[in-house]
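For reference, the structure is listed below as structure tokens.
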Amino acid sequence: MEKELFEKAFIVNLNKNFQSRSKYFEFEFYVFSELGGTVFEINKCLILEFHRASITLTNNLLERLLKLSLIYDEAGIGPKPVEDWGATFEEPNKKYSSIPLGNSIEKCRKLDLITESEKVFLFDTIRELMRNGFSHADSSKILNGIPDETTMFQGSFSNPTEIKPVTVNQKIIPFMQAIHIENFAKENAANYFDYVFELIKKIDQRLIDRDKKTSI
């Protein structure tokens with residue numbers, strides 16, 4: 001493919017999508033400042049309409065957010081002398097950096113870092129559909145809502161007037177899976193990122209409020 005075609009596609013998408021997504025470049029996370037780089041990457045993917053890349057990066061953002069929430073809840077969010085950084089973060093990192101997503105969700109709920117409704121949505125919908133579907137490339141999760149049998153119609157160049165119905169399972173045929181997954185990503189990538197972006201702000205504020213209470 002010629003470079004000019006890439007350039008044209010990028011410019012078209014930039015002009016079409018930048019205005020609606022520019023607000024996501026303006027944020028202030030007090031606790032989770034290190035997530036800013038990933039937020040920028042995802043938003044750029046959405047502007048350029050790289051929907052599957054956006055979902056995969058948003059999965060990474062969510063998992064990192066929950067682990068950091070547990071780490072900061074234990075280590076505290078206040079300023080610390082540089083010489084104490086290692087001692088402060090060593091144990092929380094050991095405890096939380098490698099735990100599975102389901103465990104992160106459960107622990108965040110027990111510590112009131114997320115609400116019960118957030119926990120249910122993250123565990124039952126996000127973990128199964130978005131994370132397992134895309135990060136694990138499990139098409140069965142993404143295409144679960146599609147009927148097992150779909151009637152299609154087959155024609156023939158040798159006899160164009162003859163059309164016959166054919167029953168197929170689109171969920172198990174690779175090229176059909178690809179079409180459905182692409183459409184799913186287009187429809188859901190932006191909303192998924194928006195949800196996680198708002199969750200970052202909510203947990204950020206919850207940790208700030210908790211720190212204020214313990215400081216009184």
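Computed over heavy atoms, backbone and side chain alike; hydrogens, waters and symmetry mates excluded.
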Next item on the list: Mark yes or no for whether Glu118, through its side chain, and Thr115, through its backbone, hold a donor-acceptor pair below 3.5 Å.
Entry: yes

Item checked: Heavy-atom side-chain proximity of Phe29 to Gln205 below 4.5 angstrom -> no

Margin query: A quick test of your reading: do over 12 heavy atoms of other residues, nucleotides or ligands sit less than 6.0 Å from NZ of Lys67?
Written below: yes

Note to self: Assess, by modelled atom type and distance only, whether the side chains of Ser97 and Asn93 contain a donor and an acceptor separated by less than 3.5 Å.
What the structure shows: yes

Next item on the list: Using the side chain to side chain contact (heavy atoms under 4.5 Å, CB included) rule, take Ile42 and Val196 through it: C-alpha gap first, then chi angles, then the decisive distance, then the call.
Entry: CA-CA 11 Å; Ile42 296 168; Val196 176; over 6 Å; no

Notebook entry, point to check: Measuring from Leu57:CG to Asn43:CG, what's the distance to the nearest 0.5 Å?
Noted result: 11.5 Å

Item checked: Centroid separation Phe32 to Phe27 less than 6.0 Å -> no

Could you give the side-chain donor-acceptor pairs of residues 9-19 under 3.5 Å, partners two or more places apart or in another chain?
residue : atom : partner : partner atom : Å
Asn13   : ND2  : Ala9    : O            : 3.4
Asn13   : ND2  : Leu48   : O            : 3.2
Asn15   : ND2  : Ile11   : O            : 3.3
Lys16   : NZ   : Glu49   : OE2          : 2.7
Asn17   : ND2  : Asn13   : O            : 3.2
Asn17   : ND2  : Ile47   : O            : 2.8
Asn17   : ND2  : Glu49   : OE2          : 3.2

Next item on the list: Answer yes or no: is there a side-chain heavy-atom contact under 4.5 Å between Leu122 and Arg127?
Entry: no

Note to self: Salt bridge check, Glu90 against Lys94: does any charged N sit closer than 4.0 Å to a carboxylate O?
What the structure shows: yes

Next item on the list: Apply the test side chain to side chain contact (heavy atoms under 4.5 Å, CB included) to residues Tyr192 and His51: give CA-CA distance (whole Å), side-chain angles for both, the deciding distance (0.1 Å), then the verdict.
Entry: CA-CA 11 Å; Tyr192 179 32; His51 299 106; over 6 Å; no

Check: Going from CG on Leu129 to CD1 on Ile55, what distance comes out if it is rounded to the nearest 0.5 angstrom?
Finding: 8.5 Å

Next item on the list: Show your working on side chain to side chain contact (heavy atoms under 4.5 Å, CB included) between Phe193 and Val39 and close with a plain yes or no.
Entry: CA-CA 9 Å; Phe193 169 68; Val39 168; 3.9 Å; yes

Item checked: With Glu187 via salt bridge (Lys or Arg N to Asp or Glu O under 4.0 Å) - residues at least two apart -> none

Note to self: Let me check something: do Trp85 and Leu70 share a hydrophobic cluster, defined by ILVMFWY side-chain heavy atoms less than 4.5 Å apart, either directly or through other members?
What the structure shows: no

Notebook entry, point to check: Considering residues at least two apart in sequence or located in another chain, which fulfil the ring pair (Phe, Tyr, Trp, His ring centres under 6.0 Å) criterion with Phe123?
Noted result: none

Notebook entry, point to check: Is Lys8 atom NZ crowded by more than 12 heavy atoms from other residues, nucleotides or ligands, each under 6.0 Å away?
Noted result: no

Next item on the list: Evaluate the criterion salt bridge (Lys or Arg N to Asp or Glu O under 4.0 Å) for residue pair Asp194 and Lys23; output intermediate values, then yes/no.
Entry: CA-CA 11 Å; Asp194 294 350; Lys23 63 182 180 180; over 6 Å; no

Notebook entry, point to check: Is it the case that Tyr96 and Glu74 place a side-chain donor and acceptor less than 3.5 Å from each other?
Noted result: yes

Checklist line | From NZ (Lys80) to OG1 (Thr88), nearest 0.5 Å | finding: 6.0 Å

Notebook entry, point to check: Between Asp112 and Arg210, is there a salt bridge with N-O shorter than 4.0 Å?
Noted result: no

Check: Would you say Glu4 has more than 12 foreign heavy atoms packed within less than 6.0 Å of its CD?
Finding: yes

Next item on the list: First locate atom CG of Leu68, then atom CD of Glu34, and finally report the distance between them rounded to the nearest 0.5 Å.
Entry: 5.0 Å

Notebook entry, point to check: Which atom pair, heavy atoms only, marks the closest approach of Arg206 to Leu113?
Noted result: NH1-O, 2.9 Å

Next item on the list: Using a 4.5 Å cut-off on heavy atoms from C-beta on, say whether the side chain of Leu207 contacts that of Asp211.
Entry: no

Notebook entry, point to check: How many angstroms lie between CG in Leu65 and CG in Asp204, if you round to the nearest 0.5 Å?
Noted result: 9.0 Å

Notebook entry, point to check: Is a donor on one side and an acceptor on the other found under 3.5 Å between the side chain of Thr56 and the backbone of Arg52?
Noted result: yes

Check: Are any non-hydrogen side-chain atoms of Val120 and Thr125 less than 4.5 angstrom apart?
Finding: no

Margin query: What's the separation between atom OG1 in Thr58 and atom CZ in Phe197, rounded to the nearest 0.5 Å?
Written below: 11.5 Å

Item checked: Test: Arg109 and Glu106 ion pair at under 4.0 Å -> no

Margin query: Checking Asn59 against Glu63: is there a side-chain donor and acceptor pair closer than 3.5 Å?
Written below: no

Item checked: Centroid separation Phe40 to Tyr24 less than 6.0 Å -> no

Next item on the list: Indicate the atoms forming the closest heavy-atom contact of Ser104 with Leu66, along with that distance.
Entry: CB-CB, 3.8 Å

